[in-house]
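Hydrogens, waters and symmetry mates play no part in the numbers below; they use all other heavy atoms, side chains included. On a predicted model such as this, the values are computed, not experimentally measured, just so you know. Chain identifiers are assigned alphabetically (A, B, ...) following the order of the sequence lines, protein sequences preceding nucleic acid strands; residue numbering begins at 1 within each chain.
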Amino acid sequence: MKKIRSLYEELLEKHGLQGWWPVNNSYKPGDYSTPRNEKERYEVILGTILTQNTSWENAGKALNTLRKEKLIDPEKIMRTEEKKLAGTIKSAGYYNQKARYVKNITEFYDSLKGRTPGREELLGVKGVGKETADSILLYAYKEPVFVVDKYTERLLLREGIISGKENYDEIQRIFTESLEKDYKLFNEFHALIVAEMKK
DNA sequence: AGCCAGGCTACCG
DNA sequence: CGGTAGCATGGC
């Protein structure tokens with residue numbers, strides 16, 4: 001197995017410390033303290049839905065609108081009519097689907113009562129697939145879960161580490177078997193992958 | 001002007 | 001079951 005660890009060192013050398021979750025946050029390189037409270041946690045969770053197959057810019061605009069409407073609040077989202085919610089997040093694309101997904105994840109989030117969810121129960125929420133579940137665990141709950149996305153797959157393809165036939169869990173295992181389970185490391189590694197692959 | 005952006009579900013064979 | 005159409009805006 002080509003050294004995943006040395007790949008990390010190379011990327012860090014090339015790009016420097018990045019940060020965490022790039023949608024609408026004044027994060028600083030090397031600062032992994034966010035989310036600092038439940039409101040920020042919930043905002044990150046909304047961001048994971050809004051950014052599905054969508055540019056961060058468009059997802060960020062939708063998040064800004066939600067913020068302006070004071071809707072970064074589970075109770076308010078649940079009280080907002082789905083049609084209206086869809087209009088509010090229009091710029092994120094797929095707004096009808098995502099309005100439904102936002103409702104679903106909000107109901108689930110509320111039912112947790114502050115508890116950290118498991119991956120399987122997250123996957124039980126309609127609108128939450130593997131990448132979204134893992135993004136929620138890593139970025140909202142600081143769990144040491146490696147997030148696999150298009151950039152991750154493209155990088156491993158480029159490096160000849162995978163053939164392209166591997167599934168999500170197999171790709172994820174390549175990272176978790178080679179690295180200590182540290183959410184800051186997983187967070188930074190993924191940010192570096194994006195810095196490397198985003199043209 | 002068409003292609004692409006950190007996916008996911010439902011449905012098809 | 002593995003494969004894929006549909007969902008949609010905004011930036012280039």
How many Å lie between [atom1] on [X] and [atom2] on [N], as a whole number?
X	N	atom1	atom2	answer
A:Asn53	C:dA5	CG	C1'	13 Å
A:Leu63	C:dT9	CG	C1'	16 Å
A:Gln97	C:dA5	CD	C1'	11 Å
A:Asp149	B:dC8	CG	P	10 Å
A:Arg100	C:dG6	CZ	C1'	18 Å
A:Lys198	C:dC12	NZ	C1'	14 Å
A:Ile89	C:dA8	CD1	C1'	11 Å
A:Asn96	C:dT9	CG	C1'	12 Å

Choosing from [options], which nucleotide comes nearest the side chain of [X]?
X	options	value
A:Lys90	C:dA8, C:dT9, B:dA5	C:dT9
A:Tyr101	B:dA5, C:dC7, B:dT9	B:dT9
A:Lys150	C:dT9, B:dA5, C:dC7	B:dA5
A:Tyr95	C:dG11, C:dA8, B:dG7	C:dA8
A:Ser55	B:dA5, B:dC8, C:dA8	B:dA5

- [ ] Check each residue of residues 121-137 of chain A for a non-hydrogen atom within less than 4.0 Å of any atom in DNA chain B, then write out the ones that pass by number, or none.
- [x]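 Correct list: A:Val125, A:Lys126, A:Gly127, A:Val128, A:Gly129, A:Lys130, A:Glu131, A:Thr132.
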Task: Distance (rounded to the nearest 0.5 Å) between A:Lys103 NZ and A:Glu81 CD - done: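 The CD atom of A:Glu81 is 8.5 Å from NZ of A:Lys103, to the nearest 0.5 Å.
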Would you mind classifying the nucleic acid contact of [X] as base, sugar-phosphate or nothing, using non-hydrogen atoms under 4.0 angstrom?
X	value
A:Tyr168	nothing
A:Arg154	sugar-phosphate
A:Lys98	nothing

In whole angstrom, give me the gap between the [atom1] atoms of [N] and [M].
N	M	atom1	answer
B:dC3	C:dA5	P	15 Å
B:dA5	C:dG3	C1'	22 Å
C:dA8	B:dA10	P	14 Å

Task: Distance flag, aromatic centroids of A:Tyr101 and A:Tyr94, threshold under 6.0 Å - done: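 No, too far apart.
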Open item on the list: Under 4.0 Å between a side-chain nitrogen and a carboxylate oxygen: does that hold for A:Asp149 and A:Lys198?
Closed with: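 Looking at A:Lys198 together with A:Asp149, the answer is no, because their closest N to O distance does not fall below 4.0 Å.
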Is there a donor-acceptor pair closer than 3.5 Å between any side-chain N or O of [X] and the backbone N or O of [Y]?
X	Y	answer
A:Glu188	A:Gln18	yes
A:Tyr32	A:Trp20	no
A:Lys142	A:Pro35	yes
A:Thr54	A:Ala92	yes

Task: Any strand: nucleotide that pairs with B:dA1 via Watson-Crick or wobble, under 3.5 Å - done: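 Here B:dA1 is not engaged in any pair, so there is no nucleotide opposite it.
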TODO: Please step through side chain to side chain donor-acceptor pair (under 3.5 Å) for the pair A:Asp73 and A:Tyr42, ending with a clear verdict.
DONE: CA-CA 7 Å; A:Asp73 177 326; A:Tyr42 180 59; over 6 Å; no
